[in-house]
Q: 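Have a look at this one.
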Protein chains: 2
Amino acid sequence: MSVTIKDIAKSAGVSYSTVSKALRDSPLVKKPTKDLIMAVANELGYQPNIAARSLVSKKSFTIGVVWPTIEQTVLSKLITTINKELEELSYTTLISINEVKSALKIFSRYQVDAILVFDSSQSIVSSYSDVPIVMHGLANKQTPYPVIDVNRQKATYQAAQYLYKMGHRYISYIGDVEGDKLQKEKVKGFEQAILELELPTYSFQKIRVNNFEQYDGYEAAKQLLTLAKRPTAILTGSYDLARGALQAIYESNLSIPNDISIISYDNFPALEHFDIPLSTVGVPLDKISEKTIEILMKVINDEEVETKIFMEPELKITNSCTKIS
Amino acid sequence: MSVTIKDIAKSAGVSYSTVSKALRDSPLVKKPTKDLIMAVANELGYQPNIAARSLVSKKSFTIGVVWPTIEQTVLSKLITTINKELEELSYTTLISINEVKSALKIFSRYQVDAILVFDSSQSIVSSYSDVPIVMHGLANKQTPYPVIDVNRQKATYQAAQYLYKMGHRYISYIGDVEGDKLQKEKVKGFEQAILELELPTYSFQKIRVNNFEQYDGYEAAKQLLTLAKRPTAILTGSYDLARGALQAIYESNLSIPNDISIISYDNFPALEHFDIPLSTVGVPLDKISEKTIEILMKVINDEEVETKIFMEPELKITNSCTKIS
DNA sequence: TTGAAAGCGCTACCAG
DNA sequence: CTGGTAGCGCTTTCAA
C-alpha cells in the first residue's frame, strides 16, 4: 500500500486533518508543525492520491488533451508548448490519442478541469457531463464551447498580396490543394488574391502535394523550376514543404531571393536555421499557445468567453523575398 | 453537478447499491431491474466517476504512458498500436509528455495500474509508490522493473552478413553514427560484421546523418552514389532514411536491385507502398506491441516477470536485394 | 493552532 | 435478488 496522510499523522504524532492542512500549506498550521509534517512526508515518500483529493475538492488541476492524430507533427510543437505553460500554472496535462468521442468520455470520467480538443475533422462534439471544452479547429459552426481558429485564408491572401506588391506576377502555391477544410482555406486565400488583383489565372499556380513532408515540397518545387516560365515567387502551405522547396531551389543553382522569392505558411520559431531566414505568414506559435491557456483558464473559472476566437496571422518578411521589376 | 448513482437510484426507485451492481453487470441483479437501471442511466447521461471508483476498488483500468519525446514519430506508430490493443482489453491509455520523473509522479498520484515508459536517455527510473513500471529502452543495467529491448546490434549485423553472403563487398551504412546509445548499437552491429568477415575496412562505409528525416537519407545516398567506387548495397538506420535513399537512387537512374541493393532497419507495415518493396530488418511492430501488452498485464497481475526482455530482429528480404557476382 | 467528524461517489460486504 | 452500511484518502467545516 502507498503511504497516506494517516501514516504521516501517526509518524508525526498529529491528527490527520492537520497533516492535510500542512501539506496544502495552510496558514492555520504553525511553522514548526508544518516543517515536521513536511519532513515526515518526504521521508515516507508520500504522494497525494489525486482520486481522493478531486473527489472531495471537485478540482483535479488536470487538463485533458484530445489528440487523435499524433502523426501530425505540426501539433506536437504546439502541444509541447501548451504542456509547459500549463505546468508552470501547476496544471497537469494528460493526453489521449483515442478518437474524440471516447477521449471525451475518458476525461469526463476522470473529472479533469477542462478538455482541450484538437480536431480538424470538425465532428460535432457533444459534451459529456459538465467538463468545459475548448477546441482547436474551424470556428464556422455555432458551438456551445469556445473554438480557437486561425485565419488561414487571410494568411495566404496576405502573403500573395505582398508578393504581388513586390512586383511578382508568377506566383506558385505548393500545398495540399485537395486536403481537409483547414488546407482548403489556405488555397482559398491564395485564390482570393488572384481574383481581387484581377490577374490572369495562368500566372498563378497551385501544385498539389499529398502530405506535408519535406520531400513533397522538394518534388513540387522541382517540378515548378523546370517550367518554361518558372515562377518568381513560391508560397508553401507548411514549414516542411518550404524546407523541401528550398532544397530544390539550391540544387537548381538558383539563389534566394534574387532568382526566386519564398514565403511559408506556419509560424514557429524553428525557422531560423537556414542560410537565409525564411519569410513566414501565420499566427505565431507562442501567441496561439498563450491564447489557448487564457481561454482554458477562463472556462475553468466559469468566466464568460466568446465561442469563436479567430487569431490573426502575421506576415514576417525576411531576406527570402525581394522586389522585382 | 454531474449525475451519480444516487440520482439513478432515486429515478429508478431502487437502492444505490443495486445500481452499482447493475452497472457493473453483476449476476446478482435481476434482468428487468438491470434493464431499467441501464435505461435510466443512459437517459440521465451517467458517467461513472473514476476517482471514486478507483479509490475504493484500487483499480483504475488505466495505463500511463510516459513519452517525453513526442517529436520522434517512430514511436507514434507503436504507441498508437499499443493504445488500440489496450482499448480492446478495456484499459484506458493516458499519455504524459513531461520528463520521466515528473510524469511518473503524476501517474503514481493518479493511481494508474501500470506505467509504460519510453525513454532512450536511459536515465534511472526510481519508482514512486508501488505502481509497476515497464520500460522500453536499453536493457543493459540491472533494474527493478522489466525493460523491453530490441536487439539492434544483431539486426544490423544480420543484414550486413546477409548482404555479404549475396556477394556484396562494398556496403554502406547510413545512420546516426554519433547518436545516442540506441543508434550506436546499430552501428556496432554493422562494424561487428566487418570484423568477423575479416574484410578490409575500406570496403565498408558509414555515412553520418544528423537526424532521421527522409531528406537526410536522400543527401547521404546522393553523396554515396557519386563515389568513384560506389557501394553495391546500402543499409539504412531507419525507414525514413531509406525512403530518402530510394529517391536518390531513382534520381541517379540506377535500378534496384540490379545496380544497388538496399535494406532498412525498422520493421513496421507502412513499408509496402514502394515500387519495389523494401527489405527490412528489425522487430516487427506488432510483435513489440504484443510483447508490451503481455508484460503490462503480467506486472498488473503481480506475476513474475524477467527484468530484461530482448526481442529478436527479423530479416525480411524482398526484391530490393539481389545476389551479385 | 489543532483535532474530530462529515462526506465526496463509489464498491463490497452482509443482512434480509 | 435487493438494501443497508462501512470505508477508500482526502478536504473542509466546526469545536475545542
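Here is how names work: the chains are called A, B, and so on, in the same order as the sequence lines, proteins then strands, and each is numbered from 1. The analysis underlying the following values was restricted to heavy atoms, covering all of them including side chains, and did not include hydrogens, waters or symmetry mates.
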Q: Under 3.5 Å, which donor-acceptor pairs link side chains of residues 85-92 of chain B to any protein atom two or more places apart or in another chain?
A:
| from | atom 1 | to | atom 2 | distance (Å) |
| --- | --- | --- | --- | --- |
| Glu85(B) | OE1 | Ser289(B) | OG | 3.4 |
| Glu85(B) | OE2 | Ser289(B) | OG | 2.8 |
| Tyr91(B) | OH | Lys59(B) | NZ | 2.8 |

Q: Name the residue closer to the 5' end of DNA chain C, choosing between Ala52(B) and Leu28(B) according to the nucleotide with the nearest heavy atom.
A: Ala52(B)
Q: If you go through the side-chain atoms of Lys58(A), does one of them form a donor-acceptor pair with the base of dG9(C) closer than 3.5 Å?
A: no
Q: Using the side-chain heavy atoms of Val29(B), tell me which of these nucleotides is nearest: dT11(C), dT2(D), dC10(D).
A: dT2(D)
Q: On the side chain of Ser15(A), is there an atom forming a donor-acceptor pair with the base of dA4(C) - under 3.5 Å, no angle test?
A: no
Q: Specify the separation, in whole Å, of atom CD1 of Ile5(B) and atom C1' of dG4(D).
A: 13 Å
Q: Looking at Ser57(A), I'd like to know whether one of its side-chain N or O atoms comes within less than 4.0 Å of OP1 or OP2 on dT11(D).
A: no
Q: DNA chain C: Ser17(A) or Leu23(B), which has the more 5' nearest nucleotide?
A: Ser17(A)
Q: Can you tell me which nucleotide in dC10(C), dC10(D), dT2(D) comes closest to the side chain of Thr4(A)?
A: dC10(D)
Q: If I take atom CD1 in residue Ile8(A) and atom C1' in nucleotide dG9(D), what distance separates them, rounded to the nearest angstrom?
A: 11 Å
Q: Whole angstrom is fine here: how far is it from CZ in Arg24(B) over to P in dT11(C)?
A: 5 Å
Q: Counting only side-chain N and O atoms of Thr33(A), is one of them less than 4.0 Å from OP1 or OP2 of dT2(C)?
A: yes
Q: Rounded to the Å, how far apart are Tyr16(B) OH and dT5(D) P?
A: 9 Å
Q: Atom CD of Gln111(A) to atom P of dT11(D): distance rounded to whole Å?
A: 16 Å
